[in-house]
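Encoded as structure tokens, the structure appears first; notes follow it.
Note that the structure is a prediction, hence the values are computed from the model and not measured. Here is how names work: the chains are called A, B, and so on, in the same order as the sequence lines, proteins then strands, and each is numbered from 1.
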Amino acid sequence: MFLYSLLAGFLFGLYFSLIGLGLNLVFSVMRVVNLAHGDFLMLGAFLAYWLFTLFAVNPVPAVAIAFAGFVIVGLPLYYLLVPRLLRAENPEMLSFILFFGLSQVIEAVTTIAFGTSERSIPGDQLGRAVAVVAGLFAGHTVENGPVELLGNTFPASWVASGIVSGCAVLLVYLYLYRTRLGYLTRAVMDNRAEAIATGIDVHRVCAVAFGIGIGLAAVAGVFAPFMLGSITPAMGTEVTVTAFAVIVIGSLGNPLGTAFGGVIYGISYMLMQSYYSSWANVLPYVLLIVILLLRPSGLLGRQVRRA
Amino acid sequence: MIRLSIIAALLASATAASVQAAQAPAEIKLGTLYASSGRYASISMPVFDGLKLWIDQMNAQGGAYVKAYDKKIPLKLIAYDDQSNTATAATLYNQLITQDKVDILISDSGSVLTSVAVPIARDHKMLLIDQTGTGATFFTPDNPYIALMADPVSSIWPKPLADFITHDGPALGIKRVAMLYATNDFTGTQANSVRKFIKEANSGVEIVFDTGVPTNTSNYTVLLNNIRAANPDAVVHLGYAGNDIAFLRNVQDNGIKFKFLFCIYPGLESELLEKNLGKKALDYVFTYVPSSAIHYQTNFGMSLRDYSGAWHKKYANAHVEFGFNSVAGYTTGLVLEKTLATAASLDQLELRKAIFSLSGNLKTLDGTFELDANGAQIGEITPLGQFVPGKNGSPELVTVWPHAVANAKPIYPRP
């Protein structure tokens with residue numbers, strides 16, 4: 001029971017790393033709190049649902065479509081919202097209000113379009129993709145079904161989600177630490193005023209980060225029907241709160257910290273579910289308070305955030 | 001002299017009639033809440049739409065007949081969106097009573113959003129027309145301001161399930177039961193009842209796994225593994241629609257086939273669960289057989305077939321599935337229609353008296369309307385059913401318990 005909870009928590013936590021990754025990136029670069037993050041995730045989920053029900057598109061290609069689509073949406077959205085926000089005296093506080101409003105609008109419009117009921121994608125759809133990939137590596141046909149890890153079986157969708165989440169963390173890390181745009185992004189994260197003084201096109205850097213941030217949320221959304229049971233237009237708020245807990249646990253501004261925070265959250269959640277199940281959902285809030293009291297910079301953080 | 005008396009009598013009766021006509025309100029205000037978003041939207045909107053359908057029908061006929069004024073009076077629905085939030089709901093219930101001054105207060109769907117209305121209605125001495133809030137704690141001898149319309153009280157829901165397990169179960173090989181439930185008034189009460197019924201039956205059946213989880217739980221993989229480790233012969237999962245979807249999806253994704261698996265919502269909201277899980281996921285699952293699957297003989301209102309037709313015509317593009325909850329909203333309307341046609345005044349306790357006078361006599365598409373002394377619904381029972389593979393691949397719900405209403409034998413263990 002303990003080992004199973006540990007492994008399940010690891011996979012579940014990787015998924016929450018993916019959820020937190022985009023939120024962390026946006027906050028670190030722009031110092032705005034995107035309270036609509038969970039709603040962008042929800043939109044990604046409904047995009048995958050819509051692609052599957054109307055065009056029978058498997059969730060795996062939907063990952064690429066969602067990411068590309070939301071990055072493209074994110075760029076103009078950044079120029080529409082964020083520069084004006086940053087000109088305000090207290091952009092961080094104003095961002096709460098603005099993105100809360102955006103969250104409400106997104107939820108209301110999605111409710112009108114899709115209704116309030118739960119929606120989902122059959123679980124075997126991701127399993128099929130996992131079986132195909134596993135078959136390519138194994139050199140023989142692999143049956144679509146649960147995957148065995150260290151003698152325990154887990155849904156194939158969990159494994160697929162874990163792999164994609166791990167890859168996303170790695171790619172964001174490589175983007176920040178191995179690309180020119182990534183260096184510039186880190187410069188803005190470190191000191192926005194100095195970045196402007198050195199001639200960096202801060203808005204371009206921020207727009208890309210914003211696009212990637214909500215693109216990552218949309219990718220997490222594609223896996224939401226498999227990891228969170230079902231999707232509804234109202235799911236965003238709860239997701240945002242958990243994502244916020246995850247990035248605070250890890251550390252703001254560090255993708256590896258987010259991965260760490262996600263895994264800590266996932267394992268703690270599953271252990272709680274096994275041994276004190278009634279209290280499992282209180283966990284993100286308890287972790288959030290404990291970390292803020294004991295180590296405000298997060299488990300992997302180096303400094304307290306400035307804002 | 002006689003002529004004068006006749007004139008006086010005519011004048012008196014004319015005056016009385018004009019006073020009564022003047023007192024008759026232009027409309028009867030019905031106040032309710034609904035959740036257009038949030039966790040309870042999928043059980044709230046069908047109830048709300050069912051109630052609206054009834055109101056629209058009434059108003060199309062000139063209103064509901066109100067005995068207190070001996071005339072038809074149009075119905076005005078005042079409804080607010082509580083967004084599945086109990087704090088918002090509490091504020092809005094207060095607003096309906098104190099600001100809108102509704103004549104009839106109707107709660108939102110489900111026990112969670114009804115729970116906050118119970119004390120508010122009681123404090124304001126307003127009769128709470130409780131649509132589907134079935135928590136047993138709502139109904140107490142010292143509270144006359146509540147009556148449950150369309151669902152049996154939670155404590156009696158699982159009676160057929162527990163009876164089946166304790167009576168027929170041991171012979172079939174069911175001796176170890178695992179129970180997982182969401183900790184809210186609706187399913188928490190049912191879990192208590194299952195425990196009580198199994199214990200009282202003393203049939204050798206034991207509960208080997210008994211765990212409550214928060215209602216917003218959306219992931220059951222670890223819990224399923226723990227249930228499997230307890231090696232049960234039967235698994236009972238008690239949760240809301242969202243819980244059932246997540247639970248059954250995890251059962252499916254983990255390739256688990258419990259010998260006996262019971263969930264509440266496959267029967268109650270079959271359309272919704274089939275859409276989410278696919279047709280095969282419901283095969284051999286035990287569930288309640290709700291009013292939306294049984295054609296009861298009615299003595300008032302539309303039959304299930306007619307109502308289903310009217311619903312699908314009115315809400316063809318509304319993204320709200322037809323099911324047990326949509327029947328519940330319409331049933332509330334039918335009970336109110338009869339109540340208004342019976343009550344001598346719109347005084348809240350007079351309305352209560354009128355509702356109680358219907359108990360045992362009113363037969364709607366939801367079954368026999370019957371209340372206990374505390375206002376809890378005990379008539380519209382929920383037999384135990386099982387989904388079996390149908391001829392065209394769609395799962396078919398058959399009734400397996402009680403024997404008196406069963407139309408098939410249970411399949412245990414599941415293939």
Side-chain angles (χ1 to χ4, degrees), chain A residues 1 4-9 11-12 15 53 104 107-108 110-124 126-127 144-146 152-158 224-238 269-282, chain B residues 34-46 83-85 180 182-183 211-226 228-229 240-256 265 269 271-273 275-278 280-281 317-321:
Chain A
M1 204 151 102
Y4 192 89
S5 302
L6 220 57
L7 290 171
L11 290 174
F12 197 58
Y15 175 65
T53 48
Q104 297 296 301
E107 184 183 330
T110 316
T111 301
I112 291 166
F114 289 96
T116 56
S117 302
E118 289 83 358
R119 298 281 177 256
S120 207
I121 301 171
D124 62 352
L126 260 184
N144 181 4
N152 295 282
T153 53
F154 294 94
S157 53
W158 281 44
F226 307 96
M227 302 302 289
L228 306 177
S230 59
I231 56 172
T232 68
M235 66 189 284
T237 310
E238 209 170 306
Y269 182 85
M270 290 303 171
L271 287 173
M272 282 288 280
Q273 231 188 22
S274 276
Y275 298 104
Y276 299 101
S277 54
S278 297
W279 295 90
N281 285 23
V282 180
Chain B
Y34 61 93
S36 75
S37 59
R39 177 153 292 272
Y40 305 108
S42 62
I43 61 166
S44 174
M45 292 313 292
Q83 299 171 350
S84 299
N85 184 312
L180 180 68
T183 49
T211 296
V213 293
T215 306
N216 59 351
T217 300
S218 60
N219 200 294
Y220 291 87
T221 293
V222 165
L223 293 160
L224 282 169
N225 184 63
N226 298 350
R228 216 165 19 173
Y240 276 114
N243 301 114
D244 273 353
I245 290 168
F247 181 83
L248 287 168
R249 141 161 244 141
N250 285 168
V251 167
Q252 202 178 22
D253 290 354
N254 281 286
I256 299 171
Y265 276 86
E269 298 292 345
E271 272 186 35
L272 178 66
L273 267 83
K275 263 188 193 173
N276 275 278
L277 299 163
K280 288 282 163 204
N317 302 310
H319 301 298
V320 178
E321 286 79 9

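The shortest heavy-atom contact between A:G229 and B:A246 is CA-CB, 3.7 Å. When all heavy atoms are compared, the tightest approach of B:M45 to A:T116 is CG-OG1, 3.7 Å.
We find the CG-NZ distance between A:D124 and B:K280 to be 13.0 Å, quoted to the nearest 0.5 Å. A:M270 CE to B:L223 CG: the interatomic distance, rounded to the nearest 0.5 Å, is 8.5 Å. Taken to the nearest 0.5 Å, the OG1 atom of B:T183 stands 10.0 Å off from the CH2 atom of A:W279. A distance of 9.0 Å separates OG in A:S277 from CG in B:N226, rounded to the nearest 0.5 Å. Once rounded to the nearest 0.5 Å, the distance linking CZ of A:R119 with OG of B:S42 reads 9.5 Å. Rounded to the nearest 0.5 Å, atoms CD1 (A:I231) and CD1 (B:I245) are 11.0 Å apart.
Under the side-chain contact (heavy atoms from CB on, under 4.5 Å) test applied with A:S274, the options B:T211, B:V222, B:N225 reduce to a single match, B:V222.
With a 4.5 Å cut-off on non-hydrogen atoms, A:M235 does not touch chain B at all. Of the atoms belonging to A:P233, not a single heavy atom falls under 4.5 Å from chain B. Of the atoms belonging to B:S84, not a single heavy atom falls under 4.5 Å from chain A. Heavy-atom distances place both the backbone and the side chain of A:F226 under 4.5 Å from chain B. Contacts of A:E118 with chain B are made by both backbone and side-chain atoms, with heavy-atom separations under 4.5 Å. For A:A113, the part lying near chain B is the backbone, with the side chain staying farther off; criterion is any non-hydrogen pair under 4.5 Å. Interface remark: A:S157 contributes side-chain atoms only to the contact with chain B (heavy atom separation under 4.5 Å). Of the two parts of A:L126, neither the backbone nor the side chain holds a non-hydrogen atom closer than 4.5 Å to a non-hydrogen atom of chain B.
Of the possible donor and acceptor atoms, none in the side chain of A:S117 sits under 3.5 Å from a partner among the backbone N and O of B:V320. With A:S278 contributing its side chain and B:G212 its backbone, the two residues share a donor-acceptor pair below 3.5 Å. A donor-acceptor pair under 3.5 Å is formed between the side chain of B:R249 and the backbone N or O of A:I121.
With sequence neighbours excluded, the residues forming a side chain to side chain contact (heavy atoms under 4.5 Å, CB included) with B:N254 are A:Y4, A:P155, B:T221, B:L224, B:N250, B:I256, listed by chain and number.
The greatest number of non-hydrogen atom pairs below 4.5 Å with chain B, out of A:F12, A:F114, A:F154, A:Y276, is found for A:F114. Here A:S120 is the residue among A:A8, A:A280, A:S230, A:S120 with the most heavy-atom pairs under 4.5 Å with chain B. When each of B:L273, B:L277, B:T217 is scored by its heavy-atom pairs under 4.5 Å with chain A, the top score falls to B:T217. Between chain A and the options B:A41, B:P214, B:S44, B:S37, heavy-atom pairs under 4.5 Å are most frequent for B:P214.
Residues A:W158 and B:N219 are in side-chain contact: their nearest non-hydrogen atoms beyond the backbone lie under 4.5 Å apart.
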